[in-house]
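Written out below as C-alpha cells is the structure these notes cover.
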There are 2 protein chains.
Amino acid sequence: MSKAEPTKADLKARLPRGFVDRRADEIAAQGRMLDTIRRTFELYGFEALETPFVEYTEALGKFLPDLDRPNEGVFSFQDDDAAWLSLRYDLTAPLARHVAENFDAIPKPYRSFRSGYVFRNEKPGPGRFRQFMQFDADIVGAGSVAADAEACMLMADTLDRLGLAGQYVIKVNNRKVLDGVMEAIGLAGPEKAGQRLTVLRAIDKLDRLGLEGVRQLLGAGRKDESGDVTKGAGLDDAQIVELMHVVGPSTRHMTRIDDRLAATAIGDDEIVEDGRMVVLNDLVLNEWEPILRDSATGSAGLEELRQIAELVRAAGYGTKRIRIDPSVVRGLEYYTGPVYEAELTFPVTNEDGQTVRFGSVAGGGRYDGLVGRFRAEPVPATGFSIGVSRLFSALQLTQSPLVAAAPTPGPVVVLVLDRENIADYQKLVATLRAENIRAELYLGGAGMKAQMKYADRRRAPVAIIQGSNERAAGEVQIKDLIAGAEAAQGIASNAEWKAARPAQVSCPEGEMVVRVREVLALHFPQPETA
Amino acid sequence: MSKAEPTKADLKARLPRGFVDRRADEIAAQGRMLDTIRRTFELYGFEALETPFVEYTEALGKFLPDLDRPNEGVFSFQDDDAAWLSLRYDLTAPLARHVAENFDAIPKPYRSFRSGYVFRNEKPGPGRFRQFMQFDADIVGAGSVAADAEACMLMADTLDRLGLAGQYVIKVNNRKVLDGVMEAIGLAGPEKAGQRLTVLRAIDKLDRLGLEGVRQLLGAGRKDESGDVTKGAGLDDAQIVELMHVVGPSTRHMTRIDDRLAATAIGDDEIVEDGRMVVLNDLVLNEWEPILRDSATGSAGLEELRQIAELVRAAGYGTKRIRIDPSVVRGLEYYTGPVYEAELTFPVTNEDGQTVRFGSVAGGGRYDGLVGRFRAEPVPATGFSIGVSRLFSALQLTQSPLVAAAPTPGPVVVLVLDRENIADYQKLVATLRAENIRAELYLGGAGMKAQMKYADRRRAPVAIIQGSNERAAGEVQIKDLIAGAEAAQGIASNAEWKAARPAQVSCPEGEMVVRVREVLALHFPQPETA
C-alpha cells in the first residue's frame, strides 16, 4: 500500500559532477585535523561563528576570482519574492554581511573563525570540486598591521601544530607596493581596474611560468605548449621593465635567501652579506626602497611591510617561517593592503612528472572595503582562508600521525545462529552496550560463514557466538578475531583449525563483559569504549 | 587602487528569511549535544557518512511531506547540461542514492549515521527555518524487524544519554496495520494513493485535534476556529467507523495505560488488569487482533509489532520507554512497515497558552522501497531522523548541564598603552600562547578605558598591562578581572579604587606565565588552556 514509487531501471544512482561522498575513516581523520586548527585559532582568541549556506546574491558582491564572469561561478536561484539567492562561494562575504548586520552588538576588534563548505558553479576536474571546505580566521575592526602580523603568525602556528614544522613558509607582500608601481606607470583610476587585475594575475603566475612567461602576460599575451593563447595586459615595454624592477630582482633574492639559509645561516633571521650581518627580510625591503620612493602608496606599503617584519621578529618568528616575498599577489580584487600565503615547501611530482613544491594551502590579506559596502563608515578587516582538502592531502602525503592514525576498530558483532532466539542475542548486545562496549546484532539473513565475513569487513575485534548447546549451558563463545586472523596464517587445514580453535574461548554469559574487555585491552592500549 | 566597490547606502546587510547566524556559545553547546548523539550511535555500531548538499533532483524523488506540491518545497537550479540539481531536503534520499551507487562496496546490513543541514523552500515562521539540522541513523539491507527494534532502542538510549531519562516515550506503530484497515474499507490500489495519504495525515493529527477533529478530516472536512476549511479524505460513515475501531479504542488505552503506570504499576511493563498481570503493550495488540484478523497485511503488521515488543522487552526496555501506540503515523508517503517516534513528555505552554507535552523530537520508520528505486532488486531499510534544533530547545528548557554549561571564558587580553611599543606587547602575547594560554593583543585604536571595556565584553579573565614605568623595570601588571569585578561592588569611589587597586599585582615579565596560571586556576577548576 504505502509503497515507494515503482522501481525504475532508468533512474540511475549517481552524484552530480564535482561532488563527493565521504566515508567514516576520512571523516574521522579530517575531523582530527579540523580540531587542531580550531584549537589553535582559539589559542589566538578567535571565536566561532556560523552563517547559513544561502545569502542574498547582492550581499555576496562580485568578488569571484574571475572578473571576466561576474556572478558566474555561483549557484543561484530566485526566491518567491523574486529576490536572487546564492549558495555562498566563500566564508568572507558572509562574515562581512554578518558584521554589518550586527555591528553594534559585536565587540571590536572582532576575531572570528568559521569553517564549512562553500560552492563554485565551475567545471569540475581532478582535485577541483564544486563543493569544498574552507576554514577561515578574520579580524574585523583593526586597521593596524599588527592584525596582519597576527594572521601570519596564526598561519605559522597552525601548520606547526599540524606537524608541518620546517615544511612551510608564510609569504607576505603588500598590494600597496604593486599599486604604487602601477600608479607610477599610469594604471591608476577606476577605468583601469580590469587592466590592473590582469597585471596582478600575471604576477600571480610567477611560480608556475617564470619571469619570461609573466613578461609575456604583461604584454601582448602568451601561447602555451598546447597552442592556447592567453590575452595579456597590453602594457608597453617601458611599463613592463618598470614592473619587473619590483618583481624581478626580489624574486632572485628569494632564491639567494633560500641558498643562504641552507649554507651560511646564523639563526633563522640573519645571513652574512659582504661581511655584515643582515636580517633577511630587510634585503627585499631595502631593494624596493629606491624604486618606490616617489610613490606615496608604494612607500606606505613598504612601511607596513617593515612593521609586520618587525612584529613577527619580536614574537620569535624567523624568516624561515614568515618572509617578505614580492611574488605573492592573491588573485582577489578586494584586497587593499598586506596579502599573505602559506606555502608548503616539500617536493611533490606534478601532472607533468616534474618535481615541484607542494604549494599554497592557505592565503588571505587585508580587505578594508568589504564590510564598508553595507555601511557609511569604512571598517578595516584582515584574514585568511585555509583550503581544507588541499591541507588534508598534504597531511596524507607527509604521513602525519594526525590523519594516518590506525582506523577505528569496528564494534563487537553478536552473531545470530538460531533466528527464533533473536531476543536472546539482542539481550547480549544490550548487556555489552550498557557497559559502554560498542556492539551490534547481526541483522542480515545470511548463514554463519557469511556472518563471520561480515564481522571481518566491519573490522570487528570480537565476535560473540551462541549455539543451542551454549544457550542451554548459559554460556557464550568469545572469538578474538584479531588473534584469530594471525593464527590462521600458521594453520594449514580446516581439520587442524577445528581441532585447535585458536583465539576462541567459552565462558558463562555473566562473564562475557569481562572476557570481551580482556580481548579489547590486549589489542588496544586504551580500551575500546564509547 | 585595488579597492572594493564604492560604498552603497542602498545595499542592506540582511539574512534571507528563514536563515540564521549562530554565535560561539550556541555552537559550543550544540556541539556537545551532537557529540553525545554521535557517541551513542557509535556504541550501536553505526558509522559516519557524509553526502554533499547538492543532488540530482530526480534522485531525491517526490517524497516531500506535502504531496499536493511535489517538488515544491525544494531549492532547485539547472546545471549547465540542463540537468536539474537540488539542495537536499533530508538525509534519507541521499543515503538511498549513496547505497545504490556503491552497493557492492558496502558490507550489509549497513549501519550509517549522518548529520548536517537540510533545506526546505517553504514559508518560514516562528521556529520554522529554511535551513535546519538533522541527525539520522539508518540500517540498510536488514528486512528483519529486529532492525526496527534496534532503531527504537537507539532513540531511547540517545535521549537517556542526553539527560532526558524518564521524560520521553518512544511510540511504535506499523503502517501495515493501518494499510490493512484501509484495504478492508476499499482504499487499496495505486489510484487511491492520494486518498490514503490524506487519511494518514488526518490520523497523524490525533494528538492535536482529538478524535472528533480526526473524524471530520476523514469525512467531508474540518473548519478550524479561524474559519479556515481543511478538505477531508471523503470517506463515508461506515468507512470512518471501521477506521476509528483501530485508532479510537487504542487511543483510549493510551490514557488508561498512563493512568495505570502512575497508579498501580508493578514494574515498567506490567499492570494488574482484572486481577491478572498484563504486559502493557499486549493490551493494544490484543485489542487489534479481532479487527485485523481478516486482513493479511494487517495481521502481518500486528505480528511485526509483537516481535518488536518482545525484542525491546528482552533487552530491558520497559513500556514506559518504548510503547506500541496506534496514533503514530508519520506523514511521509514512503514508509512501508513499522513507524516510530520519540516524544518528550514534559509540559510546555503552547502559543495559545495551553499546557501541552513538548512533543516529537525524532521519528522514522521502515522504507523498503527507497533504495529499490535505483535497482532491480528490493533493498529493505529502516531508520530515523532527529530534529536537532527542536531537541536542542528541549535541552535548554530542561536546563540540561550539557547545553547550560557556563560559557567558555575569553582569552587573556594584553592591552596596548604605548602604540610605538606594540612589538613588545606582541611578544608578551606570544609568550602566553607558547604556554598554551589563550591570549590576544588588543588590536583596536582605543584608549585604556575602552580597552578594559573590550576585555570585559570578551569575558577575558585576565588583562596584562605594561606602561612605560613597568617596561623600564621589566615588569607587567596582572589584573584579575573576575576578582576585580567582585571587589568593585564593594568600593564606592574612584579614589578609593585607585588606592586599593584590588585584584591587580605587579611581577617580573619572567613570572607572567606562572602568575596568569595562578589566576586561571583560582577561577576555573581545570586551567584554561587550549
Side-chain angles (χ1 to χ4, degrees), chain A residues 1-5 7 11 13-14 16 19 21-22 24 27 39 42-43 45 47-48 50-52 54 56 75 77 85 97-98 100-101 107 109 131 139 142 144 146-147 175 179 310-311 314-316 334-335 369-370 372-374 411 422-423 426-427 430 433 438 440 443-444 454 457-458 530, chain B residues 1-5 7 11 13-14 16 19 21-22 24 27 39 42-43 45 47-48 50-52 54 56 75 77 85 97-98 100-101 107 109 131 139 142 144 146-147 175 179 310-311 314-316 334-335 369-370 372-374 411 422-423 426-427 430 433 438 440 443-444 454 457-458 530:
Chain A
M1 304 277 290
S2 304
K3 294 276 164 39
E5 292 175 0
T7 301
L11 183 58
R14 61 196 170 116
F19 294 90
D21 293 329
R22 297 194 310 138
I27 295 169
R39 284 198 305 272
E42 286 174 349
L43 185 68
E47 62 175 44
E50 190 190 283
T51 66
V54 176
Y56 282 118
F75 289 105
F77 35 90
L85 302 172
R97 190 268 311 148
H98 174 84
E101 191 170 0
Q131 170 182 322
I139 305 174
S144 154
R175 276 289 177 86
D179 283 348
E310 188 194 338
L311 284 167
Y334 59 56
Y335 290 123
L370 210 47
R373 296 169 63 230
F374 299 102
I422 194 156
Q426 179 71 65
K427 203 178 151 192
R433 287 174 183 160
R438 287 201 292 125
E440 65 168 74
L443 287 173
Y454 170 80
R457 291 186 72 186
R458 292 283 281 125
Chain B
M1 303 280 291
S2 305
K3 294 273 164 41
E5 292 176 359
T7 302
L11 184 57
R14 60 195 172 119
F19 295 90
D21 293 329
R22 297 195 308 139
I27 295 169
R39 283 199 305 273
E42 285 174 350
L43 184 69
E47 61 175 45
E50 189 190 284
T51 66
V54 176
Y56 282 118
F75 289 106
F77 34 90
L85 303 172
R97 191 269 309 149
H98 174 83
E101 191 172 359
Q131 171 183 321
I139 306 175
S144 155
R175 276 290 177 86
D179 283 347
E310 187 194 339
L311 285 167
Y334 59 57
Y335 290 123
L370 211 48
R373 296 169 63 231
F374 299 102
I422 193 158
Q426 179 70 67
K427 204 178 149 191
R433 288 175 183 160
R438 287 200 293 124
E440 64 168 75
L443 287 172
Y454 169 80
R457 291 186 73 186
R458 293 284 281 125

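Throughout, protein chains are lettered first and strands after them, A, B, ... in sequence-line order, and every chain is numbered starting at 1.
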Greatest number of heavy atom pairs closer than 4.5 Å to chain A - which of [options]:
options                                    : answer
Arg457(B), Glu440(B), Arg22(B), Arg433(B)  : Arg433(B)
Ala315(B), Ala314(B), Pro107(B), Ser144(B) : Pro107(B)
Ala100(B), Pro411(B), Ala423(B)            : Ala423(B)

Heavy-atom distances under 4.5 Å only: say whether [X] touches chain A with side chain, backbone, both or neither.
X         : value
Leu85(B)  : side chain
Ile27(B)  : side chain
Pro52(B)  : both
Tyr56(B)  : both
Ala430(B) : side chain

Checklist entry - Are the side chain of Arg458(B) and the backbone of Gly45(A) linked by a donor-acceptor contact shorter than 3.5 Å? => result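 Side chain of Arg458(B) to backbone of Gly45(A), a donor-acceptor pair under 3.5 Å: yes, one is there.
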Item to check | Exceeds 12 heavy-atom contacts within 6.0 angstrom, atom CD of Glu310(B) | outcome: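 At most 12 heavy atoms, drawn from other residues, nucleotides or ligands, come within 6.0 Å of this atom.
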Item to check | Taking every non-hydrogen atom, the tightest pair across Leu443(A) and Ala142(B) | outcome: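 Between these two residues, the closest heavy atoms are O-CB, 3.4 Å.
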Item to check | Closest heavy-atom pair and its distance - Gln426(B), Ala146(A) | outcome: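 Heavy atoms only, the tightest pair is OE1-O, 4.4 Å.
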Checklist entry - Taking side chain as C-beta onward, heavy atoms only, is Arg97(A) less than 4.5 Å from Arg14(B)? => result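 Heavy-atom side-chain distance check fails, nothing below 4.5 Å.
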Checklist entry - About how many Å separate NZ of Lys427(A) and CG of Leu311(B), when rounded to the nearest 0.5 Å? => result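 Going from CG on Leu311(B) over to NZ on Lys427(A), the span is 13.0 Å.
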Checklist entry - Looking at CZ of Arg438(B) and CD of Glu47(A), how far apart are the two atoms once the value is rounded to the nearest 0.5 Å? => result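 Those atoms lie 9.5 Å apart.
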Next on the checklist: Counting heavy-atom pairs closer than 4.5 Å to chain B, which one of Ala24(A), Pro16(A), Ala48(A) comes out on top?
Outcome noted: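 Of Ala24(A), Pro16(A), Ala48(A), Pro16(A) has the most heavy-atom pairs under 4.5 Å with chain B.
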Next on the checklist: Angle between ring planes, Phe77(B) versus Phe77(A), binned at 30° and 60°: parallel, tilted or perpendicular?
Outcome noted: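 The rings of Phe77(B) and Phe77(A) lie parallel, inter-plane angle below 30°.
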